[in-house]
Amino acid sequence: MTGELARNYRKLQTALAACAAQSGHPVALLAVSKTHPAARIAECAALGQRAFGENYVQEALAKIAELAPLGLEWHLIGPLQSNKCQAAAEHFDWVQSVDRAKIIPLLAKHRPPHRPPLNVLIQVNIDGEAGKSGCSPEQAAELAARIAAEPRLLLRGLMAIPDPATSGNGLAFAQMQRLFRELHADHPSMDTLSMGMSDDFPAAIAHGATLVRVGSALFGRRNP
Ligand SMILES: *Cc1c(COP(=O)(O)O)cnc(C)c1O
């Protein structure tokens, strides 16, 4: 297993470096560790990976506590309910799934004073899929202004999960790139465009992704 993770990691780093060179901008890797135990995350950290993404606050808290001595960086990438905002603000370094106004003051209020401001991405439902998390592209500017007005939050950019069945054509990624540029004009603190997963990261990077979120290509397929 360890050998397989190391092979996957090296292969992924090589592919990311090639995509980054072709696109002319640096690309960082978020290792998506949902459903995988702390021991697997520690193995990955031993290979040099620092940033990990989790979908469920409750599941993540135990891993974050267990792995605290490693000083890893934790990103919440799953939907965030209001009643989980306190735990998210206390224990994560980034929340990538801010998609409505209501949770912004809650995250700000609960960010502990001894920690740096919470890094925040606005999640955009770029292809308007019904029932999916994310604000509409039209709502993003208002959310950005609200986040920017909170001293305990730092607006770092945008996140999207376009439908992988069609994302390879690059249209949704290109729309995200355009939206990112528009908002960046008003919010120079934005430096992160989080998009691209195991099956579509090359297309995402070609359209400006600076952070790709990769799970199965790294840790192997998740058990359902
Ligand atoms: C699970 C997940 C990923 C990783 O998906 P893979 O296809 O396993 O790479 C990325 N982003 C989000 C939001 C996810 O929930």
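All ligand and atom numbering here is 1-based and tracks the order in the structure.
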Inset, instruction - Give the residue, atom name and distance (to 0.1 Å) of the protein heavy atom nearest atom 7 (O) of ligand 1. - result: Ser216 OG, 3.7 Å

Legend entry - Side chains of Glu73 and His75, donor plus acceptor under 3.5 Å: yes

Legend entry - Cationic N near anionic O, under 4.0 Å, Glu43 to Arg40: yes

Inset, instruction - Show which atoms of ligand 1 fall inside a sub-4.0 Å distance from at least one heavy-atom site of Val214. - result: 9 (O)

Inset, instruction - Identify, by atom number and element, the atoms of ligand 1 in contact range of Asn55, meaning under 4.0 Å from any of its heavy atoms. - result: 14 (C), 15 (O)

Legend entry - Any residue meeting side chain to side chain contact (heavy atoms under 4.5 Å, CB included) with Ala148, in chain and number order, not counting sequence neighbours: His187

Inset, instruction - Answer yes when Lys132 and Asp163 have at least one side-chain N-carboxylate O distance shorter than 4.0 Å, and no when they do not. - result: no

Inset, instruction - Could you tell me whether Lys34 and Glu59 have a side-chain N and a carboxylate O separated by less than 4.0 Å? - result: no

Legend entry - Set of residues satisfying side chain to side chain donor-acceptor pair (under 3.5 Å) with respect to Arg152, sequence neighbours excluded: none

Inset, instruction - Would you mind telling me if ligand 1 is within reach of the side chain of Ile77, the backbone, both or neither, using heavy atoms under 4.0 Å? - result: both

Inset, instruction - Identify the protein heavy atom lying closest to atom 9 (O) of ligand 1, giving its residue, its atom name and the separation to 0.1 Å. - result: Ser198 OG, 2.5 Å

Legend entry - Part of Gln96 within contact of ligand 1 (heavy atoms, under 4.0 Å): neither

Inset, instruction - Indicate yes or no: does an N/O atom of Gly215 lie under 3.5 Å from an N/O atom of ligand 1? - result: yes

Inset, instruction - List the closest protein heavy-atom neighbour of atom 10 (C) of ligand 1: residue, atom name, distance to the nearest 0.1 Å. - result: Met197 SD, 3.2 Å

Legend entry - Parallel, tilted or perpendicular: ring planes of Phe219 versus Phe52, cut at 30 and 60 degrees: tilted

Legend entry - NZ/NE/NH1/NH2 to OD/OE distance under 4.0 Å, Glu142 and Arg146: yes

Legend entry - Distance from atom 11 (N) of ligand 1 to nearest protein heavy atom, with residue and atom: Arg213 NE, 2.9 Å

Inset, instruction - Examine the proximity of ligand 1 to Ile161 and report which part, side chain or backbone, both or neither, has a heavy atom under 4.0 Å away. - result: side chain

Legend entry - Minimum-distance protein heavy atom relative to atom 2 (C) of ligand 1: Lys34 NZ, 2.5 Å

